[in-house]
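Before any comments, here is the structure.
Residue numbers start from 1 in every chain, and the chains themselves are labelled A, B, ... in the order their sequence lines are given, proteins ahead of strands.
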There are 2 protein chains.
Amino acid sequence: MKSVRFSTRGRYGVQIMVDLARHSEEGPISLKSVADRQKLSEHYLEQLVPELRKAGLVKSIRGAQGGYVLAKKPEDIYIGDVIRVLEGPIAPVECNNQTGKDCCEKTSFCVTREVWVKVRDSINDLVDSISLADLIKDADNGEGEKVNLFEDEA
Amino acid sequence: MKSVRFSTRGRYGVQIMVDLARHSEEGPISLKSVADRQKLSEHYLEQLVPELRKAGLVKSIRGAQGGYVLAKKPEDIYIGDVIRVLEGPIAPVECNNQTGKDCCEKTSFCVTREVWVKVRDSINDLVDSISLADLIKDADNGEGEKVNLFEDEA
DNA sequence: ACAAATTCCGATTGGTTTAGTAGGATATAA
DNA sequence: TTATATCCTACTAAACCAATCGGAATTTGT
């Protein structure tokens, strides 16, 4: 049981974009080559990339020798956009009552709301501060300081 | 489609704890009264609270006129603990390969990892900085500045 | 003209997770 | 001894996830 997870959509999305950024000099990149390099299902990626295209993050070239290219420079693409396109808005909880009125009176639910708002803002601020260029640069330099994703292995 | 969500477990858990904190002078608080005030299923809460007890966050008093009380002062209970007890560790992604070795070589997956690590740390730092006492105090003061949880309503 | 490569699109599926519900056993105050 | 509680183990309906399947449309190279 892990909480506050990104689904594969957002994770793969960022992988795809980084892969495209790294091969951006080579003309259109086929999903097949991305899938091979990243060890992902090409068919599943086919489901994701069109959404990135509709959002204006990549461009597609159809037909043989076609593929995808970034629609903007890597330094102008922030992973927050990639994630939100594929995963929807980052919203750690929903309001009970969509109107927002008549909710949050007296009950301690109202009190807890501010927590979720802060979490949401904190995540959004973070992912909106990291561009594809930042990620590529880190990879070339540090060679990935092997940080540990798991709490229990600290 | 909303991403990076807390489940009801963590959300209700924080609600319960805040409710207990607010009524901490009244002796043991029955889950029934919490459920009534918070408009939640008592039976569902019954599933959550024992986990908080095992984690040492609340104490239970069985039998008639029994209920739950906080095990510590509200200023010593951080919502990060409540959330992690009920939702498990906050881990926005899993590693492909639990050992950590032989993963993250050359592929851009490695590069993206640092993103998830930062997200994880940022959330943990935040929830570990907010105590129950903080939440109650805010409720009494600001009366809840009506922040908006939804991105699209900004 | 044709074959291969490729994006594009919709439907289906198996598995997991979520958010409970059901039903009772145990403990205690009055 | 009854009403009020916690405690515990199953079960379940619905939603969601991560694909897979099958094929249509588009373009390049021969």
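Listed by chain and number, the residues in a salt bridge (Lys or Arg N to Asp or Glu O under 4.0 Å) with Asp121(B) amount to none (sequence neighbours excluded). In this view, Tyr68(B) satisfies the ring pair (Phe, Tyr, Trp, His ring centres under 6.0 Å) rule with no residue, not counting sequence neighbours. Under the side-chain contact (heavy atoms from CB on, under 4.5 Å) criterion, Ala64(B) pairs with no residue at all, not counting sequence neighbours. Residues that satisfy the side-chain contact (heavy atoms from CB on, under 4.5 Å) test with Gln65(A), not counting sequence neighbours, are absent from this structure. Applying the side-chain contact (heavy atoms from CB on, under 4.5 Å) rule to Ser129(B) yields the partners Leu126(B); only residues at least two apart in sequence or on another chain are considered. Applying the side chain to side chain donor-acceptor pair (under 3.5 Å) rule to Ser3(A) yields no partners; only residues at least two apart in sequence or on another chain are considered. With sequence neighbours excluded, the residues forming a side chain to side chain donor-acceptor pair (under 3.5 Å) with Asp128(A) are Arg84(A), listed by chain and number.
In this structure, CZ of Phe6(B) is placed 18 Å from P of dT17(C), rounded to the nearest angstrom. Here dA5(C) presents its P atom at 9 Å from NZ of Lys32(A), a figure rounded to the nearest Å. Atoms CD (Glu51(B)) and P (dT18(C)) sit 12 Å apart, rounded to a whole Å. One interatomic measurement links the two molecules: CG of Leu45(A) to P of dC8(C), which rounds to 13 Å at whole-angstrom precision. One can place CZ of Arg53(A) at 8 Å from C1' of dT7(C), the figure rounded to the nearest angstrom. For the pair Lys59(A) NZ and dC8(C) C1', the computed distance is 19 Å after rounding to whole Å. In this structure, Leu86(B) atom CG and dA19(C) atom P are separated by 12 Å, rounded to whole Å.
At dT18(C), none of the side-chain N or O atoms of Thr8(B) fall inside 4.0 Å of OP1 or OP2 (strictly under the cut-off). In terms of phosphate contacts, Tyr12(B) brings no side-chain nitrogen or oxygen within less than 4.0 Å of OP1 or OP2 of dT18(C). Listed pair Ser7(B) / dT17(C) fails the phosphate criterion, with no side-chain N or O lying under 4.0 Å from OP1 or OP2.
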Identify each donor-acceptor pair in which a side-chain atom of residues 45-62 of chain A lies under 3.5 Å from a protein atom, sequence neighbours left out, and give them as a table.
from     : atom 1 : to       : atom 2 : distance (Å)
Glu46(A) : OE1    : His43(A) : ND1    : 2.8
Glu51(A) : OE1    : Arg9(A)  : NH2    : 2.7
Glu51(A) : OE2    : Arg9(A)  : NH2    : 2.8

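When heavy atoms are screened at a 4.0 angstrom cut-off, Leu40(B) is found touching no nucleic acid atom at all.
Using a 4.5 Å cut-off on side-chain heavy atoms (C-beta onward), Leu135(A) and Met17(A) make no contact.
Note on ring orientation: taking the six-membered ring where Trp is involved, the planes of Phe6(B) and Trp116(A) are tilted (angle from 30° to 60°).
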Inset, instruction - Any chance you could list the contact pattern along nucleotides 21-30 of chain C? Use B for base contacts, S for sugar-phosphate-only contacts and - for none, protein heavy atoms under 4.0 Å, 5' to 3'. - result: BBB--BBBS-

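Residue pairs meeting the salt bridge (Lys or Arg N to Asp or Glu O under 4.0 Å) criterion with at least one member in residues 25-36 of chain B, sequence neighbours excluded: Lys32(B)-Asp36(B).
Where DNA chain D meets chain A (any atom under 4.0 Å from a heavy atom), the bounding nucleotides read 5' to 3' are dA18(D) to dT28(D).
Within the helix from dA1(C)-dT30(D) to dA30(C)-dT1(D), the inter-axis angle between the opening and closing five-pair segments is 10°, rounded to 10°.
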